[in-house]
Amino acid sequence: MADFSSLGLSDWLVRQCEQLGINKPTPVQEHCMPAILQGRDCLGCAKTGSGKTAAFVLPVLQKLSEDPYGIFCLVLTPTRELAYQIAEQFRVLGKPLGLKDCIIVGGMDMVSQALELSNQPHVVVATPGRLADHIRSSNTFSMSKIQFLIMDEADRLLEQGCTDFTKDLETIMGILPAKRQTLLFSATLTDTLQELKKIAMNQPYFWESKSETRTVEELDQRYILTPEKVKDAYLVHLIQTFTDQHDDWSIIIFTNTCKNCQIITMMLREFNFPTISLHSMMKQKQRFANLAKFKASVYKILIATDVAARGLDIPTVQVVINHNTPGIPKIYIHRVGRTARAGRNGVSITLVTQYDIHLVHSIEEQTQTKLKEYPVEEKEVLKILTQVNVTRRECEIKLESTDFDEKKEINKRKQLILEGKVHFFFSS
Ligand SMILES: Nc1ncnc2c1ncn2[C@@H]1O[C@H](COP(=O)(O)OP(=O)(O)OP(=O)(O)O)[C@@H](O)[C@H]1O
């Protein structure tokens with residue numbers, strides 16, 4: 001198997017990798033890095049936790065060290081937390097270079113970001129919306145000489161989901177030079193491959209990990225069939241069992257809405273579980289603070305919406321619980337990919353109601369994996385059912401007495417105004 005030197009990396013970068021325990025290239029690194037170093041565009045599709053970030057960070061740092069200037073590289077990514085994580089990889093691996101990076105994401109102060117942008121950082125890591133805002137509102141920085149455009153979670157950036165990046169991407173592409181290298185990475189590129197090939201036009205090198213399944217072998221994928229009303233009791237029972245058995249485990253629980261995320265967090269706290277939440281209705285500083293506390297294992301349980309489904313790399317996460325069955329198999333692949341990363345083992349448990357069975361079938365079809373039933377002592381679950389449901393109801397009432405729904409409405413309207421769909425702030 002190749003080592004990093006034989007792939008074309010300089011000794012200083014190989015040493016940096018070794019310091020981080022990155023000794024042998026993973027397949028996505030082994031295949032994509034030489035192509036990138038040769039100056040080709042690259043589309044890399046490899047499973048979750050397989051080292052895609054280093055597959056683009058390392059060759060960019062290598063090229064940057066040969067001809068350092070700012071702004072050399074732009075990385076786009078769909079979520080703010082992911083932008084910080086990617087910037088950190090650049091910073092740690094690029095330390096000997098004195099790398100200057102700059103993170104441009106929504107929810108943070110725009111003035112200080114503008115100042116940082118004008119200081120010509122080597123690498124800018126951004127979410128599309130905020131970067132497009134800067135481009136529209138200021139002329140104090142130029143990206144006309146960037147050598148690399150990287151889209152991490154590229155399929156998400158291009159798909160027209162609830163957050164549609166199309167307009168912002170058009171604005172960004174408008175200021176980038178045509179002569180550049182474009183690198184696109186994701187665990188789920190194939191659905192949007194044709195669109196992505198239009199962005200990476202420079203004879204793109206395409207690499208996809210060959211495997212029968214789309215999830216990693218180290219992941220034990222389970223389901224529990226449950227009536228809707230018993231879901232929370234199963235959840236409490238599962239967490240109780242895991243925390244009784246393991247001191248060092250962290251758990252991520254994915255929920256379908258911000259409100260549900262908030263209620264489940266409140267409910268689990270009533271049962272004295274060390275729980276913290278992450279969703280888009282929270283202030284950005286709070287989001288970062290909560291994630292940092294979870295990463296540091298101050299809190300062992302993170303309740304999150306799909307804002308945390310992609311890319312986050314937290315090695316202590318041993319269990320992912322899907323409180324709802326994801327309607328889109330791709331979302332399932334990213335959610336369960338928060339565990340069993342970099343060769344570690346992990347378990348995912350999806351709570352499935354009778355109305356979700358067809359969703360499980362399409363997940364199984366897409367991932368080419370059969371989910372196995374997770375054995376649970378039903379008697380134990382039924383013992384706590386009433387207490388759990390009463391606690392949940394109490395939490396719902398508590399949340400209703402706050403301005404949570406009102407805030408949600410205001411956020412929605414702000415979004416519509418920003419998208420130009422409404423031109424004034426009306427009151428209902
Ligand atoms: N060659 C390597 N050897 C060992 N560990 C590695 C190697 N390359 C990367 N890693 C580690 O593997 C973990 C997962 O890498 P990374 O976050 O880049 O995965 P990914 O492929 O981007 O996953 P996702 O699709 O979920 O975003 C990280 O902690 C990273 O430091």
Side-chain angles (χ1 to χ4, degrees), residues 53 56-57 60-61 64 68-95 97-154 156-157 163-177 180 183 278-292 295 307-308 310-312 410-411 414-415 417-420:
T53 318
F56 63 78
V57 170
V60 168
L61 289 173
L64 179 67
Y69 67 86
I71 299 174
F72 183 80
C73 169
L74 168 64
V75 185
L76 297 175
T77 189
T79 69
R80 301 163 183 183
E81 287 74 14
L82 213 40
Y84 275 74
Q85 189 178 292
I86 294 167
E88 190 179 75
Q89 283 249 8
F90 269 106
R91 212 171 297 152
V92 174
L93 287 166
K95 190 145 199 286
L97 278 186
L99 180 95
K100 263 201 293 179
D101 67 273
C102 163
I103 304 168
I104 302 295
V105 297
M108 303 301 276
D109 180 42
M110 228 171 135
V111 178
S112 52
Q113 286 179 353
L115 200 67
E116 276 189 63
L117 274 173
S118 66
N119 279 337
Q120 299 200 308
H122 300 115
V123 175
V124 173
V125 187
T127 49
R130 178 55 70 90
L131 181 62
D133 283 348
H134 279 283
I135 293 169
R136 290 180 198 116
S137 65
S138 122
N139 56 4
T140 56
F141 68 98
S142 163
M143 290 200 172
S144 63
K145 293 206 171 71
I146 64 148
Q147 194 157 322
F148 284 98
L149 166 66
I150 298 163
M151 290 189 174
D152 191 32
E153 308 296 345
R156 174 66 195 92
L157 289 170
T163 313
D164 187 345
F165 298 112
T166 317
K167 262 189 167 174
D168 296 326
L169 288 179
E170 273 171 20
T171 306
I172 295 166
M173 295 298 181
I175 67 155
L176 301 184
R180 60 164 197 256
L183 317 179
L278 181 66
H279 59 74
S280 60
M281 287 273 298
M282 290 162 54
K283 290 230 160 68
Q284 191 53 44
K285 285 204 171 133
Q286 191 67 56
R287 273 167 64 166
F288 287 138
N290 284 9
L291 188 60
K295 278 186 169 174
V307 78
R310 280 181 181 252
L312 291 184
I410 292 171
N411 280 355
K414 274 188 193 160
Q415 191 57 39
I417 292 170
L418 286 174
E419 286 169 8

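In terms of heavy-atom proximity, S142 sits nearest to I71 at O-CD1, 3.7 Å. In this structure, D109 and R130 approach most closely via the heavy-atom pair C-NH1, 4.2 Å. Summarising the geometry of L183 relative to F56, their closest heavy-atom pair is CD1-CB, 4.0 Å, with the distance given to 0.1 Å. Nearest heavy atom pair, residue L312 against residue Q85, reads CA-OE1, 3.3 Å. When every heavy atom of P78 is checked against every heavy atom of D152, the shortest pair comes out as CD-O, 3.5 Å. For F288 against V105, the heavy-atom pair with the smallest separation is CZ-CG2, 4.5 Å.
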As a quick check of understanding, evaluate side chain to side chain donor-acceptor pair (under 3.5 Å) for R310 and T79, giving each step before the final call. CA-CA 8 Å; R310 280 181 181 252; T79 69; over 6 Å; no
Please evaluate residues Q286 and N290 with respect to the criterion side-chain contact (heavy atoms from CB on, under 4.5 Å), reporting the C-alpha separation (whole Å), side-chain torsions for both, the decisive distance (0.1 Å), and the verdict. CA-CA 6 Å; Q286 191 67 56; N290 284 9; 3.0 Å; yes
Test side-chain contact (heavy atoms from CB on, under 4.5 Å) on F148 and R180 and set out the steps. CA-CA 6 Å; F148 284 98; R180 60 164 197 256; over 6 Å; no
Trace of the side-chain contact (heavy atoms from CB on, under 4.5 Å) decision for M108 with R80: CA-CA 10 Å; M108 303 301 276; R80 301 163 183 183; over 6 Å; no
Might you work through the side-chain contact (heavy atoms from CB on, under 4.5 Å) test for L176 and L74, ending with a clear yes or no? CA-CA 9 Å; L176 301 184; L74 168 64; 4.1 Å; yes
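Counting heavy atoms from C-beta on, the side chains of V123 and C73 come closer than 4.5 Å. Looking at heavy atoms from C-beta onward, R156 lies in side-chain contact with F165 at the 4.5 angstrom threshold. Contact check for M173 versus L149: side-chain heavy atoms found under the 4.5 Å cut-off. Contact of the R287 side chain with the M281 side chain is not registered, since no non-hydrogen atoms from C-beta on lie closer than 4.5 Å. Side chains of V57 and L61 form a contact here, defined as non-hydrogen atoms less than 4.5 Å apart. Here the side chains of T127 and L82 are not in contact, with every heavy-atom distance at 4.5 Å or above. Residues Q147 and L64 form no side-chain contact, since every pair of their non-hydrogen atoms from C-beta on lies 4.5 Å or further apart. Put simply, the side chain of M143 reaches to within 4.5 Å of the side chain of L131, judged on heavy atoms.
Aromatic ring pairs are classed by plane angle as parallel below 30°, tilted from 30° to 60° and perpendicular above 60°; the pair H134 and F141 is perpendicular.
Here the OG1 atom belonging to T166 is positioned 10.5 Å from the CG atom belonging to L157, to the nearest 0.5 angstrom. Going from atom OG of S137 over to atom CE of M110 covers 4.0 Å, rounded to the nearest 0.5 Å. In this structure, CZ on F90 lies 12.0 Å from NE2 on H122, to the nearest 0.5 angstrom. The distance from the CD1 atom of I86 to the CD1 atom of I150 is 8.5 Å, given to the nearest 0.5 Å. Separating the CD1 atom in I103 from the CG atom in L117 is a distance of 11.5 Å, to the nearest 0.5 Å. To the nearest 0.5 Å, atoms CG (D168) and CG (D133) are separated by 7.0 Å.
Without hydrogens or angle criteria, K100 side chain to N119 main chain gives a donor-acceptor distance under 3.5 Å. Of the possible polar contacts, none joining the S138 side chain to the I135 backbone as a donor-acceptor pair under 3.5 Å is found.
In the displayed structure, E88 atom CD is contacted under 6.0 Å by at most 12 heavy atoms of other residues, nucleotides or ligands.
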